[in-house]
Amino acid sequence: MQPDKRTQTILDGFGTYFEGAATHLAIAPGRVNLIGEHTDYNEGFVLPVALDRDVRVLFRSRDDGRVRLYALEFDSWADFEIGATKRSSQLWPSYVQGVGLELADLGVELKGFEGVVSGNVPRGSGLSSSAALEIAAAKAFLTAANQIHTLTGPQLARAAQKAENEFVGVNCGIMDQFISTLGEEGHALLIDCRSLDYRRVPFPEGVSLVIGNTKASRSLAGSAYNERRAQCEDGVHRLQAAVPDITALRDVSRDDLEAHRSLLPATVFRRCRHVVSENERVLKTVDALEGGDFRVVGRLMDASHESLRDDYEVSSEALDRMVESMRSHPGCLGARLTGAGFGGCAVALVEAGTEKDVREAVQEAYAKAMNLWPEVYISPPSAGARVLPLNAGSY
Ligand code: GLA
């Protein structure tokens with residue numbers, strides 16, 4: 001079998017920095033979320049798909065406990081002993097190191113490995129390049145230690161999320177790691193972020209996804225994300241005075257929220273209203289997708305964007321213009337910001353066959369509105385993480 005162009009680049013990279021051959025290629029995709037934004041850390045529902053863009057680690061195990069990886073795009077090394085907690089001056093090695101610490105914490109007996117990392121998920125754009133790196137690294141750790149079946153997919157995703165929360169210091173939910181691990185070609189996943197149960201939702205043939213990268217900076221993202229999380233927790237705390245059984249916004253109905261509105265400061269009420277209504281929209285979207293009601297799916301996506309913009313206040317000028325540019329083409333059934341917000345990407349559901357026209361329309365309209373050239377990606381729902389053995393002669 002001939003390696004594809006990307007694999008060839010990685011093989012060449014390995015040849016430059018190591019002697020001999022690698023034994024495995026770990027692949028983990030980025031993601032786009034169809035709907036269900038800022039619901040994961042409220043123990044609610046999300047509906048992401050894995051992208052055809054990914055992070056790859058080409059590696060072989062070592063006899064000691066050291067990890068040595070060279071990242072082609074960063075042109076830099078990660079080099080650490082498993083268990084070490086001292087950080088490198090660069091950010092990317094921390095994702096790998098943190099995952100190792102979490103896996104060790106779960107009792108997995110790890111071994112060192114070495115190789116080359118390369119990715120084509122746009123970085124810092126809300127398409128989960130970090131989760132993809134974490135999951136590719138987790139797969140490499142487990143394969144090198146001959147422990148690939150030790151953890152279930154949800155356990156692996158949880159470990160990677162904890163690594164990001166505790167070692168990297170980003171307080172994300174579980175959606176990105178989960179879909180990167182468990183995504184399936186041709187499907188979205190409905191994930192219950194409380195129980196971690198999930199269901200495959202076939203992605204229908206009549207529609208496609210178009211993703212627009214605003215290329216606008218997301219400087220506020222970290223602090224505002226944490227502030228939103230805190231506001232949701234505050235809402236739960238205040239609502240417990242009237243409805244003691246609730247432990248997360250997942251438990252709150254629209255009626256409860258309206259009935260106890262007076263317990264909440266106005267901003268907190270609007271944050272809660274977004275989460276409660278977004279959970280409803282996710283479940284309605286699944287019904288509509290399964291029923292072939294694409295116009296309804298589009299309207300739910302539009303409503304999600306409005307709610308994120310007005311109630312949750314995580315949109316931006318660039319994201320609003322991107323969504324408008326997408327909607328300006330008649331093939332677009334609905335569009336919304338995707339990921340944490342404040343910049344990054346928007347996703348549109350479009351009629352199959354119109355993807356390229358929508359892309360052109362977006363490029364023109366967005367560039368004109370923002371004086372910024374966007375990137376537009378068309379990706380089918382793709383497979384989740386996997387490890388390919390490189391048998392002698394296969395590449
Ligand atoms: C980021 C986080 C996810 C999720 C989204 C918002 O992508 O990593 O866990 O909270 O924002 O839906």
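All ligand and atom numbering here is 1-based and tracks the order in the structure.
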Shared-cluster residues of Leu182, by chain and number - hydrophobic side chains joined below 4.5 Å: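 Hydrophobic cluster check, Leu182: joined to Val46, Ile174, Met175, Phe178, Ile179, Leu189, Ile191, Leu196, Tyr198.
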Taking Glu317 first and then Arg321, would you say they form a salt bridge - that is, a charged N and a carboxylate O separated by under 4.0 Å?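 Arg321 and Glu317: salt-bridged.
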Scan residues 372-386 for pairs that pass side-chain hydrogen bond (donor to acceptor under 3.5 Å, both in side chains), counting only residues two or more places apart or in two chains.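 Passing the test, one end in residues 372-386: Asp52-Ser379, Asn213-Tyr377, Lys215-Glu375, Glu375-Tyr377.
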With no hydrogens and no angle check, do the side chains of Ser304 and Glu37 hold a donor and an acceptor under 3.5 Å apart?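 Their side chains do not contain a donor-acceptor pair, so the 3.5 Å distance test is not met.
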Validation row, ring centre His24 to ring centre Phe59 under 6.0 Å: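 Between Phe59 and His24, which both carry aromatic rings, the centre distance is below 6.0 Å.
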I need the contact residues for ligand 1: any residue with a non-hydrogen atom closer than 4.0 Å to the ligand, ordered by chain then number.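 Within the 4.0 Å shell of ligand 1, which is judged on heavy atoms, sit Arg31, Glu37, His38, Asp40, Tyr41, Cys172, Gly173, Met175, Asp176, Tyr225, Gly339, Ala340.
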Listed partners of Arg229 passing salt bridge (Lys or Arg N to Asp or Glu O under 4.0 Å), at least two apart: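 Counting only residues at least two positions away or on another chain, Arg229 forms no salt bridge (Lys or Arg N to Asp or Glu O under 4.0 Å).
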